[in-house]
Amino acid sequence: MKQKLESLLQQAVTALKTQGILENDFIAQINLERTRDVLHGDFATNLAMMLAKPAKLNPRQLAEKIVAALPNDALISKVDIAGPGFINFFINPDSQFQIVKQVLDAGAEFGSSKIGVGKRVQVEFVSANPTGPLHVGHGRGAAYGSAVADLLAAAGFEVEREYYVNDAGRQMDILATSVWLRYLEACGEVLPFPSNGYRGEYVRDISANLHKKAGDAYRRASTLVMADLPADEPQGGDKEKHIDALIDRAKTLLGEAYKEVFQAGLDEILDDIKDDLAEFGVSYQQWFSERSLMDDHSVEQALRRLDAAGYLYQQEGATWFASSRLGDEKDRVVVRDNGQTTYFASDIAYHMHKLDRGFDQIVNIWGADHHGYIPRVKAAMQALGADESKLKVLLVQFAILYRGDEKVQMSTRSGEFVTLRQLRSEVGRDACRFFYVMRKSEQHMDFDLKLATSRSNENPVYYVQYAHARVCSVLRQLDEKGRQRNPHLGMENLNLLTEEQEAALLTTLSKYPETLERAAVNYEPHQLIHYLRELANQFHSYYNAHQFLVDDEKLCNARINLICAVKQVLVNALSLLKINAPEAM
RNA sequence: GCGCUUGUAGCUCAGCUGGAUAGAGCAUCGGCCUUCUAAGCCGAGGGUCGCAGGUUCGAGUCCUGCCAAGCGUGCCA
């Protein structure tokens, strides 16, 4: 409908050009909007005001010429010129009714578009370190990321969802060492636990499983483990030096077996994360291992490419990437003075790998605390000779948890956190997903557990689901009264839908495709939530104002068709967000 | 200090890429169940859009400068 109007306007502009009012080579951008006030019709354009200057006419005069040049079309019942030069379009009611048929004919497909057809997009999200279970902060990234991916898919893009697994590096060594130490405790050894180790209960669980499976195979005497270690922080030492020494000790004492302990920890946590996400309705095509970039020498290769391009230099025993030449605020180390590559070096290789896979667009969804990281990654892409605009980084602010007025502290290290799993079991998946994407991603978000866990009517997800359940209930009532639906009769009598609430619903239904499209291209799933609330609101108003199951068969079926269309759109939008549409509540 | 993000009703947030009289939900107040689910509906009150300039037909939206909050500013990941 909107596209049709835009093309009519384009024709009018062309006509003005042939009349000599506009320069022939002038390119007019048509800006057509939904009106906020019904008095202004259904659509409005500011075209006359935009073109007033180049046409050297005042906006209202020009508007008249545009209207005169506008081809006739059955779609439009009236065109007005208003205010400083707005052109308002009133849509013919007969064409408004057609939306009901369009929705019911298209079914689950209604709303999806083809704007992304032929374009491959990769969406990488969550990618939390596998050093512990996902917490509520990751939950927001998961809900947001999967919604963005699903929106893009609905817009016709070929979408690949990916999780980058940080299975290399010091944090993982700390985890492996923590697992081993708890394992030693399970064996009966007595030894202190490092202040910088992972103290969460889940580490004990992993160790217990390891002990059950492997017996005392990895047991070493605590005296050997603790011999000549630098002091831990509570004892006046340095906790970093202490933990590093412990890691070295684990590697020395275990030898090749260290890898088995390491792998046991990684596997168990990663399995838990995969499981957790699957239950949350989040799926991936690809779990990409950081370690694989080292094993297949991608990191070395990436560094060689940077070197060949003249972006690497040596200083103080380390190798630096001259990212400041490409917009970063300072240069970055890629190989440490101890010969180990940094996390950033892996990330350069990872993005090189993404580029090589030929995506048209690469979307990274990061926690907002990583924002300082964007310039250096973009710098790396440029240094690799790639178009950095292919990369879109979307930042998600962490959700700040409250229990009533009290802020809940979270730290994976200390083990004090609320996991995504806990949150889901308390709030339920539907409310979880709804809450997480309700807000714009870069908004700070207060997540009050007390409120979210209270199963009260304050919860907006119930409001939307209730609308769906009510439609289902009406259909059940129809059946119980021994009456039959006659969709065909309803379709022929859509013009009986003349109530104020019916007109509002027709308009809102017709807005769904453009809402979906806008939400997709802007990466803003919250727009879909707002749409759902509006649609549910209008349906509830309608429900209260009018009876659907009236004696008049024609009117009754027309109304049933309308609410079935509402039901369909509710289902389409909710299922996109992986939220249930219950038949009864 | 510098950088990024945010600042809209008592609270939590929208505001369709610069449009017409700034909107929802909670909360407060007043109404609506012998008729399809009251987890609902209808109505009322509540605003210097952080502050000050600027750009133009027109600014919550764009530019500049302040103010405030969060985050970042590792040879951690």
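Naming convention: chains lettered A, B, ... in sequence-line order (proteins, then strands); numbering from 1 in each chain.
Taking the centre and axis of the six-membered ring of A:F539, the NZ or CZ atom of A:R470 falls outside the cone set by 45° and 6.0 Å.
Counted by atom type alone, A:Q538 and A:T508 present one or more donor-acceptor pairs between their side chains at under 3.5 Å. Looking only at atom types and distance, the side chain of A:Y350 has no donor-acceptor partner in the side chain of A:E290 under 3.5 Å away. Using modelled atom types and a 3.5 Å distance limit, the side chains of A:Q61 and A:E64 yield no donor-acceptor pair. Neither side chain, A:K241 nor A:N196, offers a donor N or O lying under 3.5 Å from an acceptor on the other.
Look at A:R533 and you won't find any side-chain N or O under 4.0 angstrom from OP1 or OP2 of B:A14. Side-chain nitrogen and oxygen atoms of A:R336 include at least one within less than 4.0 Å of the OP1 or OP2 phosphate oxygen of B:A77. A sub-4.0 Å separation between OP1 or OP2 of B:U6 and a side-chain N or O of A:K440 is absent. OP1 or OP2 of B:A77 has not a single side-chain nitrogen or oxygen of A:T342 nearer than 4.0 Å.
Distance A:F434 CZ to B:G25 P: 13 Å, rounded to the nearest Å. Distance CZ (A:R36) to C1' (B:G58): 13 Å, rounded to an integer number of Å. Remark: P of B:G19 and CG of A:N31 are 8 Å apart, rounded to the nearest angstrom. Atom-to-atom, CG of A:N129 to C1' of B:A77 comes out at 5 Å; the value is rounded to the nearest Å. With rounding to whole Å, A:N544 atom CG is found 4 Å from B:C41 atom C1'.
A:A52 comes within 4.0 angstrom of no nucleic acid atom, judged by non-hydrogen atoms across all strands. When heavy atoms are screened at a 4.0 angstrom cut-off, A:Y543 is found touching base atoms of the nucleic acid.
To the nearest whole angstrom, the two P atoms, one in B:G54 and one in B:U8, are 24 Å apart. Rounded to whole Å, the P atom of B:C4 lies 22 Å from the corresponding atom of B:C51. Nucleotides B:U48 and B:G60 place their P atoms 14 Å apart, quoted to the nearest Å. Separation of the P atoms belonging to B:G25 and B:A44 is 12 Å when rounded to the nearest angstrom. Comparing B:C76 with B:C62, their C1' atoms sit 39 Å apart, to the nearest whole Å. B:G3 and B:G74: their P atoms are spaced 16 Å apart (whole Å). Here the separation of B:A22 from B:G50, taken at their P atoms, is 15 Å to the nearest Å. Nucleotides B:G23 and B:C49, compared at atom C1', are 12 Å apart to the nearest Å.
By the 5.5 Å and 30° criteria, A:F86 is stacked with the base of B:A20. The aromatic ring of A:H40 sits over the base of B:A20, with ring centres less than 5.5 Å apart and planes tilted by under 30°.
Proximity note for A:R439 (side chain, C-beta onward) versus B:U17, B:C36, B:U12: the nearest is B:U12. Out of B:A14, B:C16, B:G19, the shortest distance to the side chain of A:H530 is found at B:A14. Closest to the side chain of A:P84, out of B:C57, B:C36, B:U17, is B:C57. When distances run from any side-chain atom of A:A318 to the nucleotides B:U5, B:C75, B:A20, the shortest one goes to B:C75. Of the listed nucleotides (B:A77, B:A20, B:C42), B:A20 has the atom at the smallest distance from the side chain of A:A44. Each of B:G72, B:G19, B:C75 was ranked by its minimum atom distance to the side chain of A:D369; first place goes to B:G72. The nucleotide whose nearest atom lies closest to any side-chain atom of A:H526 is, among B:C76, B:A14, B:A20, B:A14.
Under 3.5 Å, the side chain of A:N88 and the base of B:A20 form at least one donor-acceptor pair of N or O atoms. Contact of A:H371 with B:G3 (side chain to base): a donor-acceptor pair of N or O atoms is detected under 3.5 Å.
Scanning for side-chain contact (heavy atoms from CB on, under 4.5 Å) contacts around A:S510 gives A:R34, A:I99, with sequence neighbours left out.
Rounded to the nearest 0.5 angstrom, A:L32 CG and A:L5 CG are separated by 5.5 Å.
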